Amino acid sequence: MRADAVRNRGLLIEVALDAFTHEKDATLGAIAKKAGVGIGTLYRHFPTREALIEAVYRTELEKLCDAAPELLKTHEPEAALREWMDRFIAYAATKRDLKDALQAVIALGLNPFEHSRAKMTEAVSSLLAPLGARTEPMDLMALLIGVAQNGDPAQAKRMLDLIMNGVLHDAAARTAPPAPAPR
């Protein structure tokens with residue numbers, strides 16, 4: 001794909017994310033105009049509204065999952081996991097804002113979530129491994145989903161602190177030498 005086509009595609013996804021999360025009835029024409037491209041360019045990349053919605057969702061998912069190895073390169077493992085958990089909460093808010101748009105995709109029989117679980121499991125596993133934690137990735141994901149549904153940012157932070165403490169406790173228990181046998 002040519003550089004300008006890649007740029008246009010990325011710009012369309014960025015503008016569409018904003019439109020779909022803030023405007024209930026955003027039109028493809030308005031999205032193309034705001035992105036500074038013609039409607040033909042939009043349709044070349046995304047033949048249907050649902051294709052654009054699915055691309056927006058997948059792009060956000062990929063950004064989150066691709067952040068895991070990058071965070072591990074630039075942060076200590078504990079800080080990398082915590083930063084990723086914070087990003088997950090932001091991702092979940094975006095996904096919640098896309099709910100109506102995603103429902104239209106699902107109604108057509110498409111499954112935008114098909115590869116989500118595997119990608120998330122891989123990302124979480126890569127973040128847990130350096131800590132030596134035995135925490136099941138999907139258990140951590142379930143906890144994060146619960147936190148993400150909370151509307152109170154201060155409480156969400158406290159809950160993430162609790163989750164982090166649990167993961168670190170698990171890791172410490174795994175690496176701690178066995179207790180001496182009673183005499």
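Model, not experiment: these values are computed from the prediction. This chain uses plain numbering: 1 for the first residue, then up along the sequence. Reckoned from all heavy atoms, side chains included, excluding hydrogens, waters and symmetry mates.
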Distance from [X] atom [atom1] to [Y] atom [atom2], nearest 0.5 Å?
{"X": "Leu12", "Y": "Thr59", "atom1": "CG", "atom2": "OG1", "value": "11.0 Å"}
{"X": "Glu136", "Y": "Leu128", "atom1": "CD", "atom2": "CG", "value": "9.5 Å"}
{"X": "Leu42", "Y": "Arg9", "atom1": "CG", "atom2": "CZ", "value": "11.0 Å"}
{"X": "Leu17", "Y": "Leu98", "atom1": "CG", "atom2": "CG", "value": "6.0 Å"}
{"X": "Thr94", "Y": "Leu61", "atom1": "OG1", "atom2": "CG", "value": "12.0 Å"}
{"X": "Met85", "Y": "Leu143", "atom1": "CE", "atom2": "CG", "value": "9.5 Å"}

### Message
Starting from Ile39, can I reach Val37 by hopping between I/L/V/M/F/W/Y residues whose side chains sit under 4.5 Å apart?
### Response
yes
### Query
What about Leu162 and Met141, same hydrophobic cluster or not, with Ile/Leu/Val/Met/Phe/Trp/Tyr joined at side-chain heavy-atom distances under 4.5 Å?
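No, Leu162 does not connect to Met141 through the hydrophobic network.
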### Pair Thr48-Tyr43, side-chain donor/acceptor within less than 3.5 Å
no
Do [X] and [Y] have side chains that approach each other closer than 4.5 Å (heavy atoms only, starting at C-beta)?
{"X": "Lys63", "Y": "Tyr91", "value": "no"}
{"X": "Phe88", "Y": "Val124", "value": "no"}
{"X": "Met120", "Y": "Cys65", "value": "yes"}
{"X": "Val105", "Y": "Tyr57", "value": "no"}
{"X": "Pro77", "Y": "Leu127", "value": "no"}
{"X": "Leu102", "Y": "Phe20", "value": "no"}

Which atom of [X] lies closest to which atom of [Y], heavy atoms considered:
{"X": "Ile89", "Y": "Leu144", "value": "CD1-O, 3.7 Å"}
{"X": "Ile13", "Y": "Ala55", "value": "CD1-CB, 4.1 Å"}
{"X": "Ala171", "Y": "Leu131", "value": "CB-O, 3.0 Å"}

Is any side-chain N of the basic residue among [X] and [Y] closer than 4.0 Å to the acidic one's carboxylate O?
{"X": "Glu122", "Y": "Lys119", "value": "no"}
{"X": "Arg87", "Y": "Glu83", "value": "yes"}
{"X": "Arg82", "Y": "Asp161", "value": "yes"}

Tell me if a side-chain donor or acceptor on [X] pairs with a main-chain N or O of [Y] at a distance below 3.5 Å.
{"X": "Trp84", "Y": "Ala79", "value": "no"}
{"X": "His169", "Y": "Asn165", "value": "no"}
{"X": "Asp170", "Y": "Thr135", "value": "yes"}

### Task
Go through Asp18 and Lys34 one step at a time and tell me if the salt bridge (Lys or Arg N to Asp or Glu O under 4.0 Å) criterion holds.
CA-CA 11 Å; Asp18 184 60; Lys34 190 171 181 181; 3.2 Å; yes
### Query
Can you tell me if CD on Glu76 sees more than 12 non-hydrogen neighbours from other groups inside 6.0 Å?
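12 or below, so no.
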### Query
Just wondering, are more than 12 heavy atoms of other shown residues or ligands nearer than 6.0 Å to CG in Asp25?
no
### Query
Under the salt bridge (Lys or Arg N to Asp or Glu O under 4.0 Å) criterion, do Glu54 and Arg58 qualify, and how do the steps go?
CA-CA 6 Å; Glu54 187 170 8; Arg58 288 186 186 277; 3.0 Å; yes
